[in-house]
Protein chains: 2
Amino acid sequence: MTSSPRRYGSPDAKNRSVLLDAAEELLLAEGYSAVTARRVAAQAGLKHQLVHYYFHTMDDLFLALFRRRAEQGLEQQAAALASDRPLRALWTFSTDPAGASLTMEFMSLANHREAIRAEVAHYAERLRAAQAEALPGILQRYGIPPETCPPIVLVFLTTCVARVLVLEDRLGMSAGHDETRAYVEDLIQRLEEHPSRHD
Amino acid sequence: MTSSPRRYGSPDAKNRSVLLDAAEELLLAEGYSAVTARRVAAQAGLKHQLVHYYFHTMDDLFLALFRRRAEQGLEQQAAALASDRPLRALWTFSTDPAGASLTMEFMSLANHREAIRAEVAHYAERLRAAQAEALPGILQRYGIPPETCPPIVLVFLTTCVARVLVLEDRLGMSAGHDETRAYVEDLIQRLEEHPSRHD
DNA sequence: GTCTATAATCAGATAGAC
DNA sequence: GTCTATCTGATTATAGAC
């Protein structure tokens, strides 16, 4: 009589990670619309019902996938900011094709999946807050007067440029890319190689 | 015997535009995954088969929708660049929420729809080329030495910032937005109100 | 933990009547 | 130009056996 007490897999089962890996590959290669229970399972070499066994709904799968990546991202960025060439490290981190592509894909997803929206927004704000907190000290170390440009604006600009570069690359666009990369990297190099000279 | 010579509606039929309008509303409000033949027709108050009558496939509908918007966009940007306050006009044009949202939605779509990809990339390159052509003259008029920053880089930066601002707004993000908007608008105002002074 | 089987939707697309 | 009817295939999700 009592309605079936639906069972679900434990969070640390091996095949759970296998499914998440498969989902991430699909998301990166074909976009979020390709991430269906059946295709994820096929990619993992498992039956599609297992997706529902480990993740109640597809939203749950996306959330689990996002959280796993988000934690890695926060750690990587913290390491970059703490390194001895933080600007270069931050730029390398931000323009990582896989990372930026996944972020953009999750942002698209968040646009029409309510459950994802809050999570993505929260993570992005945390990333940005960590940068905004670290940057003033970094700029000061390089002798850059804070009046030049508010650190939070610099943080925002960097993120924008990195994301759009990666996004457009994927579409086969290139207008202005080389010039912008060169401009940013030249800027970083001048700052980090000659901390005293910058005009 | 001869296989049915499938018929299709003429490009200037009234209901064709009605369907495109409906598709655009859906795309803006709920994202591209909501733009199905059935939902578009429902939004337009028509039967879903009419979508296939006017647009052979859904890709055709997306392409028609994109081209209609793209032509408007190119005209609007040309008008902005030719106005007496081109920087301000360009910024206003670029940060138009509806326009930027649609552009981002089409970029997401282009990411996993081959037929859309080429069209979106081509349009975006044309927009950027038009800006890159006009900007040197504008900067010269304001007395800005071209060594400060390559015009094409400025063009790219502006587009990035505008797009990401709009995208993040839709997700409910706000960190750094006010500061960045203020920074850009202050910059534009200083340039356009006092063409001679800029330091 | 994994399987078979199945329910219930929803999608794109076409044929042919009116 | 618009309709009804239909085909085909994909999707999420659940129940219950093993």
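Side-chain atoms are counted along with the backbone in the values below, which use heavy atoms only and exclude waters and symmetry mates.
One N or O donor and one acceptor, one from the side chain of A/Arg7 and one from the base of C/dT2, sit under 3.5 Å apart.
Residue A/Tyr8 has its side chain nearest to D/dT14 when only C/dT14, D/dT14, D/dC3 are considered. Each of D/dT11, C/dA11, D/dA13 was ranked by its minimum atom distance to the side chain of B/Arg39; first place goes to C/dA11. When the nucleotides C/dA11, D/dC3, C/dG1 are ranked by their closest atom to the side chain of A/Ser10, C/dG1 comes out on top. Here D/dA13 is the nucleotide among C/dG12, D/dG1, D/dA13 with the atom lying nearest to any side-chain atom of A/Thr57. You'll find that the side chain of A/Gln49 is closest to C/dT4, out of C/dG1, C/dT4, C/dG12. Distance from the side chain of A/Lys47 is smallest for C/dC3 among the nucleotides C/dC3, D/dA13, C/dG12.
Contacts of A/Phe55 with the nucleic acid, taken as non-hydrogen atoms under 4.0 Å apart, are absent.
A salt bridge is absent between B/Arg128 and B/Glu133: the closest approach of a Lys/Arg side-chain nitrogen to an acidic carboxylate oxygen does not fall below 4.0 angstrom.
When each of A/Tyr54 and B/Met58 is assigned the nucleotide of DNA chain C bearing its nearest heavy atom, the one mapping closer to the 5' terminus is A/Tyr54.
Checking the phosphate oxygens (OP1, OP2) of C/dG12, no side-chain nitrogen or oxygen of B/His52 falls inside 4.0 Å. Phosphate contact (OP1/OP2 of D/dT2, side-chain N/O of B/Asn15, threshold under 4.0 Å): present. Within the 4.0 Å cut-off from OP1 or OP2 of D/dC3, not a single side-chain nitrogen or oxygen of B/Tyr53 is found.
The aromatic ring centroids of A/Tyr32 and A/His112 lie less than 6.0 Å from each other.
Contact of the B/Trp91 side chain with the B/Val161 side chain is registered, since non-hydrogen atoms from C-beta on lie closer than 4.5 Å. Residues A/Leu87 and A/Gln189 fail the side-chain proximity criterion, which asks for heavy atoms closer than 4.5 Å.
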